Amino acid sequence: MGNCFSNEAAGQSSVGGTAFSQSTTSNVAIDCFLLSRGYRGLYSQIELSFSASNLRDRDIFSKSDPMLVVYTKGKDGTLEELHRTEVVQNSLNPKWIHKLNITYQFEVVQTLVFFVYDVDTQYQNLGVKMLKLDEQQYLGEATCVLSEIVTQSDRSLILDLVYREESTSSSLPRLCGKLTVHAEECVSSKTTMEIILRCSDLEHKDLFSRIDPFLVISKFVESKGSIPVCKTEVIKNDSNPTWKPIFLNMQQVGSKDSPLIIECFNFNSNGKHELIGKVRKTLVELEKLSFSGEGDSLFLLPSAGHDYHNKALKSQLFVDKFSESVQQTFLDYLAGGYEMNFMVAVDFTASNGNPRLRDSLHFIDPSGRPNSYQQAIIEVGEVLQFYDSDKRFPAWGFGARPIDGPVSHCFNLNGSSHYCEVEGTQGILMAYTSALHNVSLAGPTLFGPVINNAALIASQSLANGARKYFVLLIITDGVVTDLQETKDALVKASDLPLSILIVGVGGADFKEMEVLDADKGERLESSTERVASRDIVQFVPFRDVQGVSMVQALLAEIPHQFLTYVRSRDVQPNSRSSYQTA
C-alpha cells in the first residue's frame, strides 16, 4: 500500500504498525478489521524493462525476431500470463520497448517466469496478443523472484536463458543467451501528502461510554466500493481528537481528484468498531479545508437510506496541515544497500509434548508434512532470504536441557558452542530437527535471553556502520513467563535496527502476549520506567490467521517498522542507487 504511516519524533503509525504514545492505542482487531476490508500490506508500483543478448538464431536467411512473454508462477506451479513485449525484428540482442507494470509486495514471494520466442514472419502483422505461442519457435526461458530484482544495487538482474528439450527430459538444459530485467519504482509511489486531521464534538450513542476514536481512509472504486489505504492511531477517551500526521502517496489514491472516504470509528477491543461518522473528500478538497481552516460535518447513513447527506452530525472534520513532498521509500533504502537479516528462536519447552508422539507440536511427520514450527520457519524464511546477501541465519532454541547440561534459555540450534549461524532456511530446518534428538524439553518460557542475543548482534552491526536491519522470528507454544524481563529487553531493543515477529502455535490462550504488540494502548515500559521508542513487535496466533497467509499477517508491518527506524534517525538511502520513473 505504499508508504502510509503517521510520523512523530520517535515513530510512525500506519496500517499494520503504530507508534506508542501515552494518549494512543492500537489493536490487532483494527488490523483484522482492515484485512477483512481488503488491506494487504505494503504495495509499490514497479516498472520492469527487458533486454536480451546472444539469443539463439533460429532463422536461416536472417536473425531471429524475438518476443518476450512474462508469467507469474503460483505456489501450486501454475503460470498466469502477465505481459507480452513487442516483436523486435532481425535481432539476437533485443531491447524491448514495451514495459511491464507490476505491484511489488514485500510480504509475498512473487515468482516470475520469462519465455523468449522467435516469431515467424508470417505472423508479424498480427498483434502480439493474437499470437499462438505454440506456433512460434521457442528460444529459451528464465525465472526469478521479484525481490531478487529490487534488491540489486542497480536494480538490474541478469539471468541465464536456458533451452529445455521437451523430448529428452533427462538431458540438462542448454544455455542460450542472457536476459536482463531492470526495475524502476514509479514516481507515484514517492509523491506524498502529509496530512494532520482533527475532529470536534464526536458523538456517541451511549452517553456514559467513552470515545476512543480512530480514522480509516479508503479509496473509492466504482466496481469494488471502498478499499482502505490508511488508518490513524487510536486516541483514548477524547471527543476532540487530533491525530498524528498521516502520509498518503499518489499511487495509493490515484490522483488528487480521486474520491476518498474518511470514516471515524470508535475503537472496540473485540474488533466490532462502531462507525461514528464519515465524509467523502478528494485531496483537492482536503487541501482547501486546510487553507480555509474550516471544518466539514461528518455524516451517517440512515438505516434504510443510501444518501449519507441525509443525516448531518454536529461532529466536524478539520485539516490542520496539508503539504506535498517527495519521500524516500522502502525500495530506495534497499537500493542504497540496506539488507534484512533473518534470525529464528524456537520454543523447546515441555508443554510442546513429546516430539516422538503425533500429538506433539514438535512431531516430525514422516510424510514430510511440516509441523507449525517448520511451517513458520519456511514461510517467513522464503520471503526474507532474498533480502540477505549471505543467507547465513542465526538460529537459537530456548527452554530445553542440552545433554548433560542445565536448562538453557538461549542455545545455538546447530549444537555449536562457538557460532549460531546456519546456511539458509534449509539449514534452520536441519538444525531444528537435529536439536529435537539432542535436547530434553524443559521450561519455563523465557524470551528475554534470545531477544537480548538478537539485540546484541543488531547493536554490534550498528556500531560497525553496517546497513542492516534484523528480523527475529520467535515461535512459541505458550505465554511468556518472564513478562517484565521481556518488556525490558524489547524497550532496549526498540532503539536498534530490529523487528520481532512472534508466532503462537498450539491451543494456548495467548491473550497476555498481545501486550507485547501494544494492542491495549499501553506503551511498553521497562522496570526502570523507560519507554519504548517505537513498536518493534508483531504477534500472531497461528490458529487465528484466517483469510490471509500467516507470513503476510506477520510481515506486513516490517517495511513500516523499518521506515520508522531510519526516518526517526534521519538515515538517508544512498541517493546514487535510488531509482524512479515517471
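Computed from a prediction, not measured in an experiment: that's the story for all the values here.
Residues L524 and V531 have side chains not in contact (no heavy-atom distance under 4.5 Å, counting atoms from C-beta outward). Considering only heavy atoms from C-beta on, L202 comes within 4.5 Å of P241 through its side chain. V422 places none of its side-chain heavy atoms less than 4.5 Å from the side chain of V344. Within the 4.5 Å cutoff, side-chain heavy atoms of V407 are placed close to those of H409. Side chains of M513 and I502 form a contact here, defined as non-hydrogen atoms less than 4.5 Å apart. Contact annotation: the side chain of L248 approaches that of C230 to within less than 4.5 Å [non-hydrogen atoms, C-beta and beyond]. For the pair E233/I235, a side-chain contact is recorded, criterion being any heavy-atom separation below 4.5 Å from C-beta on. Using a 4.5 Å cut-off on side-chain heavy atoms (C-beta onward), E263 and S218 make contact.
Between the CD atom of E194 and the CD1 atom of I246 there is a distance of 10.0 Å, given to the nearest 0.5 Å. Annotation: the span from E287 atom CD to E324 atom CD amounts to 7.5 Å, rounded to 0.5 Å. We find the CG-CG distance between L275 and N266 to be 10.5 Å, quoted to the nearest 0.5 Å. M193 contributes atom CE, which lies 8.5 Å from atom OG of S325 (distance to the nearest 0.5 angstrom). From T433, atom OG1 reaches atom CG of N438 across 11.0 Å, with rounding to the nearest 0.5 Å. Interatomic distance, S416 OG to F411 CZ, rounded to the nearest 0.5 Å: 13.0 Å.
When atom types are taken as modelled, the side chain of N371 and the backbone of Q374 share a donor-acceptor pair closer than 3.5 angstrom. When atom types are taken as modelled, the side chain of S315 and the backbone of D201 share a donor-acceptor pair closer than 3.5 angstrom. For W243 (side chain) and I196 (main-chain N/O), no donor-acceptor pair under 3.5 Å exists by modelled atom type. A donor-acceptor pair under 3.5 Å links the side-chain atoms of D347 to the main chain of D477, judged by distance alone. Side chain of D238 to backbone of N240: a donor-acceptor contact under 3.5 angstrom is found. At least one donor-acceptor pair closer than 3.5 Å links the side chain of S533 to the backbone N or O of S494.
Partner of P573 under the side-chain contact (heavy atoms from CB on, under 4.5 Å) criterion, chosen from L334, V566, D332: D332. Test V471, I558, L554, V109 against V383 for side-chain contact (heavy atoms from CB on, under 4.5 Å) and you get one pass: V109.
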Practice task
Show your working on salt bridge (Lys or Arg N to Asp or Glu O under 4.0 Å) between K314 and E203 and close with a plain yes or no.
Solution key: CA-CA 8 Å; K314 69 175 183 179; E203 302 178 47; 5.6 Å; no
Exercise for the section: Walk me through it: do L516 and L490 pass the test side-chain contact (heavy atoms from CB on, under 4.5 Å)? Expected result: CA-CA 8 Å; L516 302 179; L490 290 173; 3.9 Å; yes
Practice task
Quick one: do L555 and F106 satisfy side-chain contact (heavy atoms from CB on, under 4.5 Å)? Show the steps, please.
Solution key: CA-CA 8 Å; L555 295 176; F106 168 76; 4.1 Å; yes
Handout entry: Test side-chain contact (heavy atoms from CB on, under 4.5 Å) applied to L501 and V540, step by step
Key = CA-CA 8 Å; L501 312 174; V540 174; over 6 Å; no
Handout entry: Verdict with reasoning, D482 to T486, per side-chain hydrogen bond (donor to acceptor under 3.5 Å, both in side chains)
Key = CA-CA 6 Å; D482 61 335; T486 297; 3.1 Å; yes
Practice task
Let me see the working for L496 and S459 under side-chain contact (heavy atoms from CB on, under 4.5 Å), right down to the final yes or no.
Solution key: CA-CA 6 Å; L496 297 170; S459 178; 4.0 Å; yes
Validation: residues 384-392 side-chain donor-acceptor distances under 3.5 Å, sequence neighbours left out:
unit_1	atom_1	unit_2	atom_2	d
Q385	NE2	E382	O	3.4
Y387	OH	Y104	OH	2.7
Y387	OH	S147	OG	3.1
D388	OD1	N341	ND2	3.3
D388	OD1	D390	N	3.4
D388	OD1	K391	N	3.2
D388	OD2	N341	ND2	3.0
S389	OG	E339	OE1	3.2
S389	OG	E339	OE2	2.7
D390	OD1	R392	N	3.0
K391	NZ	Q385	O	3.2
K391	NZ	D388	O	3.4
R392	NE	E421	OE1	3.0
R392	NH1	E423	OE2	2.3

Determine all donor-acceptor pairs shorter than 3.5 Å in which one atom belongs to a side chain in residues 439-456; sequence neighbours excluded.
unit_1	atom_1	unit_2	atom_2	d
N452	ND2	G448	O	3.2

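No close placement of the F398 and F348 rings is indicated, their centers lying 6.0 Å or farther apart. Residues Y469 and Y338 place their aromatic rings such that the two centres sit no closer than 6.0 Å. Taking the centre of each ring, Y333 and F562 come in below the 6.0 Å mark. H273 has its ring centre less than 6.0 Å from the ring centre of F214.
Here the closest heavy-atom approach between residue L300 and residue G277 is recorded as CD2-CA, 4.1 Å. The minimum heavy-atom distance between F470 and M343, with the atom names listed, is CD2-CE, 3.1 Å. For the residue pair I377 and L429, the shortest heavy atom distance occurs at CG2-CD2, 3.9 Å. Across every non-hydrogen atom of Q328 and L563, the tightest pair is O-CD2, 4.5 Å. Shortest non-hydrogen contact noted between A532 and V491 is N-CG1, 3.9 Å. In plain terms, the two heavy atoms of C264 and P213 that are nearest each other are SG-CB, 4.0 Å.
Partners of Y373 under the side chain to side chain donor-acceptor pair (under 3.5 Å) rule, at least two apart in sequence or in another chain, are N352. N237 is linked by a side chain to side chain donor-acceptor pair (under 3.5 Å) to nothing, counting only residues two or more places apart in sequence or in another chain. Under the rule for a side chain to side chain donor-acceptor pair (under 3.5 Å), the partners of Q484 that lie at least two apart in sequence or sit in another chain are D488. For H362, the side chain to side chain donor-acceptor pair (under 3.5 Å) test picks out Y432, with sequence neighbours left out.
Checking Q538 against S499 by side-chain atom types alone, no donor-acceptor pair falls below 3.5 Å.
Between D212 and R210 there is a salt bridge, since at least one side-chain N of the basic residue sits less than 4.0 Å from a carboxylate O of the acidic one.
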